[in-house]
There are 2 protein chains.
Amino acid sequence: MTPDLQTDDLRPDYEDDRNFATTLARGLSVLRAFRAGDDGLTNAQIAERTGLPKSTVSRLTFTLGCLGYLTQPQRNDRYRPGPTLLAMGHVAAASLAFLDPAQDMMQALADQTGTLVLFAVRDRDKVALMRTWRPQRAASIWLEVGHRLPIGSSSSGLALLGASTRDEFAALLAEGPEAPLDGTPLADLRMQARNQLIAQGFAVVPQGLRYSTNISAVSVPFRSARLAGPVAFSCGALDDVLPADRIQAQVGPMLRDTVARLQRLVGTDGIPAWSGSPND
Amino acid sequence: MTPDLQTDDLRPDYEDDRNFATTLARGLSVLRAFRAGDDGLTNAQIAERTGLPKSTVSRLTFTLGCLGYLTQPQRNDRYRPGPTLLAMGHVAAASLAFLDPAQDMMQALADQTGTLVLFAVRDRDKVALMRTWRPQRAASIWLEVGHRLPIGSSSSGLALLGASTRDEFAALLAEGPEAPLDGTPLADLRMQARNQLIAQGFAVVPQGLRYSTNISAVSVPFRSARLAGPVAFSCGALDDVLPADRIQAQVGPMLRDTVARLQRLVGTDGIPAWSGSPND
DNA sequence: GCTGCCATTCCACTATGCGGAACGCAAGCC
DNA sequence: GGCTTGCGTTCCGCATAGTGGAATGGCAGC
């Protein structure tokens, strides 16, 4: 079994072959093999996760080691994220500076609703959790930062779809995201999501498409001037804590209003992330 | 003038030539060209910052674009950090999870002392600021996250030096960090720093080595099990706010005790980061 | 000592990435 | 309108950087 297989067939079909730097893509896929949970990976594990031949991995990890992106505490030990990688992370983190004011608002939201609040970004064909806020007292430790959700069947993914411009959507499709369970085309889902956002300001996954049968969630997209695409905030909990009617009546609106307050605070024109025509 | 020249002569002397993947290193240096401040870089800017030829940069940005590390909001526009880069940042960020409990402690420290509190990590031949806490009321906006300090002449750098093991120090030297102004060898500085840490639990830059003539700072190293090397917390302010005697009598000890409390909280055996013989 | 398991090293091959120069495009300016 | 400047992409022959299967060398442990 290959639980976590990342088998990027790097160079999907970026027809523009000639300009695509394979070595770079492979090296990055090595870095990407590291997940929040596991600390330390052996070359063999990396090879398995990336699908690259061992000798190639060996050379790449060597290079990344030289540059400080990976470190081996002692020789012949597993690799861990190195200082340079951390430093690079901050550049990314800086783009997320708007989360500083969000911090308290989202924590409060988590406490008031008793749900897990998530902040998520599209990562290729998935949605990656970048931050979570747990209600103070309560609840199953449940989704880790770094976890990746399917785009087509998570409410976070839907919110991103609904908020994406035509170009962004095209770019997204090119990553070949997994289709939702019932085969609804992503373009349709995008319109559904957009309609939900326009009608009520938040998005939920339609019945029957939920990838998890006992977790409910509701999501709202967000845009920052500093960021290229939309991102999403979500509230999630076990079904019995968060039934559909509670989403509609309480949690959805609260999330929507919280995000709107943040949007105003951060000052990105106060225009909701999904506004504009589907073709803009 | 080349203000920000990054002229990594990648492949310094990693004799092990054959195994070094140049393309990967170059691609990463492109990503590293992005700083917290500037949003969006043109290919030409990247070429200037990295010292790579234009055509090479073009191909690399193309690749990074395909993979989502960079995005062009619209074609032929400047590149910005993309979603994949953000997602990768979180892996790094996850290694810094221990900063969550630090959050409040450091903010309180900033408020009480009226100094800027910094969290810094070594990044190749420099020290990179990863987080800052400003005193609530007060003070010049002054050092941005992402800023890089010289190792040999900043107190953060000294703390890292003093806390590094023999191997870590060797690795650090290999990056060829800038020597301090008066030419003191880094090995000597490391011993001085270590002595300061043993004697009083915090480190300051010796008179005359300060790279900035009107800013004073004091630093304490820290270790997390999840991290490969030591990191540092510092308090800094303008000279007149933070004269040497105030560091000794008040701010230094407060910083030391705060970090010690964090160290205990996080549970990394409570052993100070600099303990052990210089050769361990 | 035998057996997995993992990392590193070797080596011949060729696709890959290189970079100077040419091209195309869009602004700004006489 | 034409001339210039600056940027990004494309072209293309060349050298070599990167490849990956197989062999080698260490560890650890029923």
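Just so it is clear: chains get the letters A, B, ... in the order the sequence lines come, proteins before strands, and each one is counted from 1.
- A/Arg148 and A/Asp125 are not joined by a salt bridge, as no carboxylate oxygen comes within less than 4.0 angstrom of a charged side-chain nitrogen.
- Here D/dG21 presents its P atom at 12 Å from CG of A/Leu52, a figure rounded to the nearest Å.
- Within the 4.0 Å cut-off from OP1 or OP2 of D/dG20, at least one side-chain nitrogen or oxygen of A/Thr56 is found.
- For the pair B/Leu60 and B/Lys54, nearest-nucleotide mapping onto DNA chain C gives the more 5' position to B/Leu60.
- With C/dT9, D/dG8, D/dA17 as the choices, the nucleotide that has an atom nearest any side-chain atom of B/Asn19 turns out to be C/dT9.
- A/Val30 places none of its side-chain heavy atoms less than 4.5 Å from the side chain of A/Tyr79.
- Between the P atom of C/dG17 and the CZ atom of B/Phe20 lies a distance of 15 Å, rounded to the nearest Å.
- Distances shorter than 4.0 Å separate none of the side-chain N or O atoms of A/Arg59 from OP1 or OP2 on C/dT8.
- Of the possible donor and acceptor atoms, none in the side chain of B/Ser58 sits under 3.5 Å from a partner among the backbone N and O of B/Lys54.
- Across all strands shown, D/dT5 forms a Watson-Crick or G-U wobble pair with C/dA26, both key distances being under 3.5 Å.
- Using a 30° and 60° split on the angle between ring planes, A/Phe222 and A/Phe233 fall in the perpendicular class, above 60°.
- Between B/Phe62 atom CZ and C/dG17 atom C1' the separation is 14 Å, expressed in whole Å.
- When the nearest nucleotides of DNA chain C are assigned to A/Thr23 and A/Asn43 by heavy-atom distance, the more 5′-ward of the two goes with A/Asn43.
- Residue contacts shown for B/Ser55 include a base, since a base heavy atom lies under 4.0 Å away.
- Atom CG of B/Leu41 and atom C1' of D/dG8 are 15 Å apart (whole Å).
- Proximity of a side-chain donor or acceptor of B/Arg122 to a complementary backbone N or O of B/Gly157 within less than 3.5 Å is not detected.
- Look at A/Ser58 and you'll find a side-chain N or O under 4.0 angstrom from OP1 or OP2 of C/dT8.
- C/dA7 atom P lies 8 Å from atom CD1 of A/Ile46, rounded to whole Å.
- Straight-line distance from the CG atom of B/Leu24 to the C1' atom of C/dC18: 16 Å, rounded to whole Å.
- With a cut-off of 3.5 Å on both Watson-Crick or G-U wobble distances, the partner of D/dC30 is given as none.
- OP1 or OP2 of C/dG17 has not a single side-chain nitrogen or oxygen of B/Thr22 nearer than 4.0 Å.
- Note on A/Arg26: a side-chain N or O is less than 4.0 Å away from OP1 or OP2 of D/dG20.
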